> 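My questions will all concern the structure given below.
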Amino acid sequence: MGAATFALTMGGLSALSSLSQTRQRNIQARSQQAQMEANAQAARNQAGITAEKGRIEAENLDRQRSALRRSYADLQSGNIAALGAMNRDLSTGSSAALLRGNADRFAADVGLNLHQKDVSAWETRQNIRAQEANARNFENAADWYGSTVSNLGQSLLAAGLSGLASGVSAYRSAGGFGGASSPAPKYWDRALQGWSKTRVRH
């Protein structure tokens, strides 16, 4: 087998092996990219669900506060009517204490309701921010996996040149080209140096 044939054969075998490995890496990278994109979409969907739950919770608390007002109004008006029918002085004594007690309880219930609404809104905002941050992280990961997908044509060229260099080296080590003192190795070295300048790096 001639030197050129031997070197080209070695280069071809190395190129095919490298191409197969590159294809396998590309398959894995694309699979990971698809998974990260799916995770990002799931996180954004969850953020939307969280926002909707927060909106519903706020509406429920608003309805509870409206119910408290109606209940308080009914209670106070009923007490006032009953006390008035008994000719009781509503500004002093037990009658006034009863009405003030009702008002205080109403104020406390409304205050608790508003506090619960504030806490719910804060928790909703924090959860949405966390889920959106997760989505961005997954998207960044998907972009990274996408960037690792290699161009098979360029990878084949690089692998072929690398394999050719390995073939020449192996042939020379086995005594090809007439030994280390032969001018042939220098010719091959110069040729490979010229080819290496054309390689596309990843």
Side-chain angles (χ1 to χ4, degrees), residues 19-155 200-202:
L19 183 62
S20 176
Q21 293 172 4
T22 299
R23 281 176 173 164
Q24 185 60 36
R25 287 196 300 270
N26 284 354
I27 290 172
Q28 293 174 350
R30 289 193 177 103
S31 176
Q32 292 290 343
Q33 182 183 21
Q35 183 61 55
M36 293 302 103
E37 289 172 348
N39 289 347
Q41 187 59 53
R44 294 205 179 280
N45 291 344
Q46 188 59 48
I49 292 171
T50 299
E52 181 63 12
K53 286 182 177 178
R55 184 190 66 79
I56 293 172
E57 177 68 11
E59 290 181 351
N60 287 338
L61 289 168
D62 287 342
R63 282 193 289 270
Q64 289 177 12
R65 193 164 59 256
S66 295
L68 286 172
R69 289 196 179 97
R70 290 192 299 271
S71 177
Y72 169 72
D74 291 343
L75 177 63
Q76 285 294 71
S77 62
N79 286 337
I80 290 171
L83 293 171
M86 293 185 291
N87 295 320
R88 302 285 294 273
D89 183 359
L90 302 180
S91 61
T92 61
S94 59
S95 298
L98 174 64
L99 297 179
R100 282 196 303 271
N102 291 339
D104 290 343
R105 284 190 295 273
F106 168 72
D109 289 343
V110 168
L112 177 60
N113 175 276
L114 292 172
H115 174 70
Q116 290 173 336
K117 185 176 180 181
D118 288 341
V119 170
S120 175
W122 181 84
E123 290 178 344
T124 297
R125 288 193 301 270
Q126 295 303 310
N127 288 334
I128 289 173
R129 287 171 184 164
Q131 288 152 1
E132 289 178 343
N134 285 339
R136 288 191 296 272
N137 289 337
F138 284 129
E139 287 168 348
N140 290 337
D143 290 342
W144 184 84
Y145 280 115
S147 72
T148 66
V149 175
S150 302
N151 181 289
L152 293 181
Q154 293 175 343
S155 297
V200 180
R201 299 183 183 276
H202 295 281

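Note that the structure is a prediction, hence the values are computed from the model and not measured.
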> I'd like to check the side-chain contact (heavy atoms from CB on, under 4.5 Å) partners of Ala141; sequence neighbours left out, ordered by chain and number.
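Per chain and number, Ala141 pairs via side-chain contact (heavy atoms from CB on, under 4.5 Å) with Met36.
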> Nearest heavy-atom pair of Ala142 and Glu37: which atoms, and what distance?
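What the structure gives for the nearest pair is CB-CG, 3.6 Å.
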> Would you call Lys53 and Glu57 a salt bridge, using N to O less than 4.0 angstrom?
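The answer is no: the pair does not qualify as a salt bridge.
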> Could you report the tightest heavy-atom contact between Leu61 and Asn113, atom names first, then the distance?
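In terms of heavy atoms, the two residues are closest at O-ND2, 2.8 Å.
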> Table please: side-chain donor-acceptor pairs of residues 103-111 below 3.5 Å, with sequence neighbours left out.
{"residue": "Arg105", "atom": "NH2", "partner": "Asn102", "partner atom": "OD1", "Å": "2.5"}

> Nearest 0.5 angstrom please: Leu75 CG to Leu98 CG, how far?
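Answer for the CG-CG pair, Leu75 versus Leu98, is 7.5 Å.
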> Which pairs, with at least one residue in residues 61-73 and sequence neighbours excluded, count as a salt bridge (Lys or Arg N to Asp or Glu O under 4.0 Å)?
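Residue pairs with at least one partner in residues 61-73: Asp62-Arg65, Asp62-Lys117.
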> When you measure from the side chain of Ser77 to the backbone of Ala73, do you find a donor-acceptor pair of N or O atoms at a distance under 3.5 Å?
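Yes, because the side chain of Ser77 sits within donor-acceptor range (under 3.5 Å) of the backbone of Ala73.
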> Asn60 and Gln64: side-chain donor and acceptor closer than 3.5 Å?
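Looking only at side-chain atoms, Gln64 and Asn60 do not form any donor-acceptor pair under 3.5 Å.
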> Between Thr124 and Ser120 (side chain of the first, backbone of the second, donor and acceptor by atom type, cut-off under 3.5 Å), is there such a pair?
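Checked: pair present.
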> Atom OH of Tyr145 and atom CD of Gln28: how far apart are they, to the nearest 0.5 Å?
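The CD atom of Gln28 is 10.0 Å from OH of Tyr145, to the nearest 0.5 Å.
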> Grab the two heavy atoms, one from Ile128 and one from Ala51, that are nearest each other, plus how far apart they are.
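Minimum heavy-atom contact is CD1-CB, 3.5 Å.
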> Does anything in residues 127-137 pair up under side chain to side chain donor-acceptor pair (under 3.5 Å), and if so which pairs, sequence neighbours excluded?
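Residue pairs with at least one partner in residues 127-137: Thr50-Gln131.
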> What are the two closest heavy atoms between Glu139 and Ala40, and how far apart are they?
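Here Glu139 and Ala40 meet closest at CG-CB, 3.6 Å.
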> Indicate the atoms forming the closest heavy-atom contact of Thr148 with Asn26, along with that distance.
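Smallest interatomic distance, heavy atoms only, reads O-OD1, 4.2 Å.
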> Give every residue pair that meets the salt bridge (Lys or Arg N to Asp or Glu O under 4.0 Å) criterion with at least one member in residues 82-101, sequence neighbours excluded.
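Applying salt bridge (Lys or Arg N to Asp or Glu O under 4.0 Å) to every pair that reaches into residues 82-101, excluding sequence neighbours, yields nothing.
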> If the condition is side-chain contact (heavy atoms from CB on, under 4.5 Å), which residues does Leu112 pass it with, not counting sequence neighbours?
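Listed in chain order: Gln116.
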